[in-house]
Amino acid sequence: MKIATWNVNSLTARLQHVLDWLIANPVDVLCLQELKMSDDKFPLDVLQSAGYQAAYFGQKTYNGVAILSRAPVSNVAKNIGGFTDEHSRVISATVDTAHGPLRVVNGYFVNGQAPGSDKFAYKMRWLSALRDWLAAEMAAHPDLVLLGDFNIVLEDRDSFDPIGLKETIHHTTEERDHFRALLALGLTDAFRLFEQPEKSFSWWDYRMLGYQKNRGLRIDHILVSAPLVPRAVACSIDRVPRKWEKPSDHAPVVLTLDQAD
């Protein structure tokens, strides 16, 4: 079973990229972030024709998340329970799998702009609420995946310039502490379960030849609950779509789970 996450930076602009990628990579579940469209604009018919059911939570111009699945999805929830938020940032659903129900939590984490800003304070509140809510989700759903664009660099090796960017947005101690608090719930960074090339990133700035110079960050993550760890057989970043014409600034991250016990 393959599960992927991809910040497409506008589904309107990159619907064909998604369709082309799914033809080449027929994953079972694909989580998208930054749809940048309202629900009435979501291309459900097109995606169903491609073989995918969809749960989606859009917002005009900004944010927006979706879960595409070959199997039926149920128990869909939007945003963080108990946390008032005007932004469409989280969608959760249970996916039927051969191994049993899998809870998928797809998040477009707050960017935060800059330490000390109002948006950074919002990010801290949002992350605290996410952790508290996720603890209850994990208690109810032992097989759980939290994935998406976290907008956080967990370790220095996840940044092209950890010294120069130290304590700037995505790299602050506060953000990393929140990330580690999520891991402390019993989650594992699936990407780091396997040997990876040095300077493995999932996002590159459009400016200053960011991709060509590999000046990137690993901010797109897949975290798995403890029962899923022994079933993980591979996790990688697919850089191919970042080379396409007018690409998203993010690349897909793909986790492969063994269906067998």
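Keep in mind that what you see is a predicted model, and the values were worked out from it rather than measured.
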Can you get from [X] to [Y] by hopping between Ile, Leu, Val, Met, Phe, Trp and Tyr side chains that sit under 4.5 Å apart?
X	Y	value
Ile152	Trp133	yes
Trp204	Trp244	no
Phe150	Val253	no

For the residue pair [X] and [Y], establish whether any side-chain heavy-atom pair is separated by less than 4.5 Å.
X	Y	result
Asp143	His99	yes
Met138	Leu187	yes
Pro252	Pro241	yes
Leu102	Leu228	yes
Met124	Glu175	yes
Tyr108	Asn151	yes
Arg192	Arg218	yes

*asked:* Quick one, Trp21 with Asp238, criterion side-chain hydrogen bond (donor to acceptor under 3.5 Å, both in side chains). Give me CA distance, side-chain angles, the key distance, then yes/no.
replied: CA-CA 10 Å; Trp21 189 80; Asp238 182 2; 2.7 Å; yes

Any sub-3.5 Å donor-acceptor pair from [X]'s side-chain atoms to [Y]'s backbone N or O?
X	Y	result
Ser69	Val29	no
Trp6	His250	yes
Tyr206	Pro247	yes
Gln113	Lys119	no
His17	Glu245	yes
Asp149	Gln33	no
Lys123	Asn111	yes
Arg103	His141	no

Which pairs of donor and acceptor atoms, one on a side chain in residues 70-82, lie under 3.5 Å apart (sequence neighbours left out)?
from, atom 1, to, atom 2, distance (Å)
Arg70, NE, Tyr52, OH, 3.3
Arg70, NH2, Tyr52, OH, 3.3
Asn79, OD1, Arg89, N, 3.1
Asn79, OD1, Val90, N, 3.2
Asn79, ND2, His87, O, 2.7

*Other residues, nucleotides, ligands: >12 heavy atoms within 6.0 Å of Asp40 CG*: yes

*Considering residues, nucleotides and ligands other than Tyr62, do more than 12 of their heavy atoms fall under 6.0 Å from its OH?*
no

*Short N-O contact, Arg176 and Asp158, less than 4.0 angstrom*: no

*Using the side-chain contact (heavy atoms from CB on, under 4.5 Å) rule, take Trp203 and Asn7 through it: C-alpha gap first, then chi angles, then the decisive distance, then the call.*
CA-CA 9 Å; Trp203 173 89; Asn7 180 324; over 6 Å; no

